[in-house]
Number of protein chains: 2
Amino acid sequence: MPPTRRTRQQPLSHGRIVATALGLLSRVGLPDLTMRAIGTELGVQQSALYHHFANKQAMLGAVADEILARAPRPSTPDEAPWQARVQERCTQLHAAVTAYPDGADLVMSMWAFGMGGQTPFDELSLLLREAGISPAVAPTAARTLLHFVYGHAYDEQSHDVAARSGILTAEREPSDFGTGLRILVSGIEALLP
Amino acid sequence: MPPTRRTRQQPLSHGRIVATALGLLSRVGLPDLTMRAIGTELGVQQSALYHHFANKQAMLGAVADEILARAPRPSTPDEAPWQARVQERCTQLHAAVTAYPDGADLVMSMWAFGMGGQTPFDELSLLLREAGISPAVAPTAARTLLHFVYGHAYDEQSHDVAARSGILTAEREPSDFGTGLRILVSGIEALLP
DNA sequence: ACCTGAACACCGTTCAAGT
DNA sequence: ACCTGAACACCGTTCAAGT
């Protein structure tokens, strides 16, 4: 008797697989997000998933994109100082990846591997170019911001996992993310002519 | 006929296992750094390793510490400006983790999980406190620097792996690391009274 | 105390066969 | 075209048994 097997109503599709994977991720975490578990949840064999994605990594790339797509849209007006806009976007991305267990790990890996998560980089690069950062440096600054956002989120989420395993790690102040972000924005500001 | 099985001369030990794992890591990478492969390399059963480490993660923590311990020692004199000292240390750490395939991934994971890599954080925190950064903010600044160092190195190494798999990712300028580091140091400088 | 040998409970991926 | 069912080639970890 399988634990949770839903009868299949609709045919499989990219979107249905990603939605199911996302729901499963939030319940069991990345290590238990197996192709078998996703198949069981959808009421199909694990091998059926390979008709829609070339391999597991391609599917995880789509999941990472969905996590980022669920980040709230910026509310700061376009006329606001670029510092405020950058800080808002980074805070939203931080919230988006920490909304799912191991979300930072997943998004960071997929972005580094070139299999997803390109949008935040493009958005931040554009925002910084509009702010007057030279086109040669804007991508570097955007990457540096994202390394911080994902790295910090990864740290927080690993801290949670480690704490659950009874491992001691350094405590993290709630203000820590904001302070780090201000360091970065000040540093980028110093590059302006 | 096993591929490479060395006859065992000395008894197993922490140090011998770590050294063997490090050699294997540099040849085959993290995904193929299995307990079986390490055992074969040492001429023992994989289960023998569990008499010296509680589990694979604990062993990988020791490997991460060894990678960091092999970073070159600072040559910049203690009297030099803190900016130069921070930049040198970060550049050395960057070199240390990129010296082994998947080194950044390994060190970042173990540090986040609290199973290794504590030394760089302690060193940078101290250095920044000596520079006049308030004790409340110095750890945050140190963490922000390390997120950048490891994040950037992780990116570069993933780029290599992806390229080998024929996946296209954005090109990276060699000056990119230095530019990002200067952004961070400028930002930390802005926190000084 | 240290290690062997075998097993357990899993993985991702492939592929002939069905519909 | 889409999916099943079974297999393949692996994993990390455990544990009785040997020395």
Side-chain angles (χ1 to χ4, degrees), chain A residues 1-18 20-21 24-25 28-64 102 105-106 109-110 113 115 161 165-167, chain B residues 1-18 20-21 24-25 28-64 102 105-106 109-110 113 115 161 165-167:
Chain A
M1 50 194 108
T4 46
R5 178 184 297 255
R6 298 184 182 168
T7 49
R8 175 160 39 109
Q9 309 101 325
Q10 315 158 42
L12 240 43
S13 70
H14 268 241
R16 249 165 60 76
I17 292 171
V18 170
T20 301
L24 208 46
L25 175 64
V28 303
L30 195 55
D32 289 333
L33 186 63
T34 66
M35 297 302 259
R36 280 166 175 82
I38 297 167
T40 300
E41 190 79 4
L42 283 161
V44 299
Q45 291 280 342
Q46 68 266 30
S47 53
L49 303 171
Y50 289 88
H51 281 269
H52 300 270
F53 289 101
N55 48 44
K56 188 180 183 181
Q57 200 164 28
M59 192 216 59
L60 290 180
V63 172
D102 305 311
D105 186 358
L106 179 56
S109 303
M110 292 305 124
F113 208 75
M115 301 208 68
V161 173
S165 312
I167 295 166
Chain B
M1 50 192 107
T4 46
R5 178 183 297 252
R6 296 184 183 168
T7 48
R8 173 161 39 111
Q9 308 102 327
Q10 314 157 42
L12 240 43
S13 69
H14 267 241
R16 249 163 63 75
I17 292 171
V18 170
T20 301
L24 208 47
L25 175 65
V28 304
L30 195 55
D32 289 334
L33 186 64
T34 66
M35 298 302 259
R36 279 167 175 81
I38 297 168
T40 300
E41 190 79 2
L42 283 161
V44 301
Q45 292 280 342
Q46 68 265 31
S47 53
L49 303 172
Y50 289 88
H51 281 269
H52 300 270
F53 290 101
N55 48 43
K56 188 181 183 181
Q57 199 165 29
M59 193 216 58
L60 290 180
V63 173
D102 305 311
D105 186 358
L106 179 57
S109 303
M110 292 305 125
F113 208 75
M115 301 208 67
V161 173
S165 313
I167 295 166

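Just so we're on the same page: letters track the sequence lines, and every chain starts at 1.
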Practice problem: Could you pull out the closest heavy-atom pair between A:T20 and A:R16, with the gap in Å? | Solution: OG1-O, 2.8 Å

Quiz item: Tell me, do A:D102 and A:P31 make a side-chain contact under 4.5 Å, heavy atoms counted?
Solution: yes

Practice problem: Return no unless some side-chain N or O of B:Q45 is found under 4.0 Å from OP1 or OP2 of C:dC3. | Solution: no

Quiz item: Which dot-bracket notation, 5' to 3', represents the base pairing of DNA chain D when pairs are defined as Watson-Crick or G-U with both distances under 3.5 Å, crossing pairs as [ ], and inter-strand pairs as |?
Solution: ||.|||||...|||||.||

Quiz item: Which pair of heavy atoms, one from A:M110 and one from A:G61, lies closest together, and at what distance?
Solution: SD-N, 3.7 Å

Self-check item: Check: A:H51 side chain, D:dC3 base, donor-acceptor under 3.5 Å
Solution: yes

Exercise. Kindly compute the distance separating CG (A:D32) from OG1 (A:T34), expressed to the nearest 0.5 Å.
Key: 7.5 Å

Practice problem: Rounded to the nearest 0.5 Å, what's the gap from NE2 on A:H52 to NE2 on A:H14? Could you check? | Solution: 7.5 Å

Self-check item: Distance in angstrom units between B:L49 CG and C:dG5 P, rounded
Solution: 15 Å

Quiz item: Would one find a side-chain N or O of B:H52 under 4.0 angstrom from OP1 or OP2 of C:dA1?
Solution: no

Quiz item: Rounded to whole angstroms, how far apart are CG on B:L42 and P on C:dC2?
Solution: 15 Å

Polar-atom pairs under 3.5 Å, protein N or O versus N or O of nucleotides 12-14 of chain C: list them with distances, or write none.
| unit_1 | atom_1 | unit_2 | atom_2 | d |
| --- | --- | --- | --- | --- |
| C:dG12 | OP1 | A:K56 | NZ | 2.5 |
| C:dG12 | OP2 | A:M35 | N | 3.2 |
| C:dG12 | N7 | A:R36 | NH1 | 2.8 |
| C:dG12 | O6 | A:R36 | NH2 | 3.1 |
| C:dT13 | OP2 | A:Y50 | OH | 2.7 |
| C:dT13 | OP2 | A:K56 | N | 2.9 |
| C:dT13 | O4 | A:Q46 | NE2 | 3.4 |

Quiz prompt | CD1-CG distance between A:I38 and A:L25, expressed to the nearest 0.5 angstrom | solution = 9.5 Å

Quiz item: What distance separates A:M59 CE from A:L33 CG, expressed to the nearest 0.5 Å?
Solution: 5.5 Å

Quiz item: How long is the span from the CG atom in B:L49 to the CG atom in B:N55, to the nearest 0.5 Å?
Solution: 12.0 Å

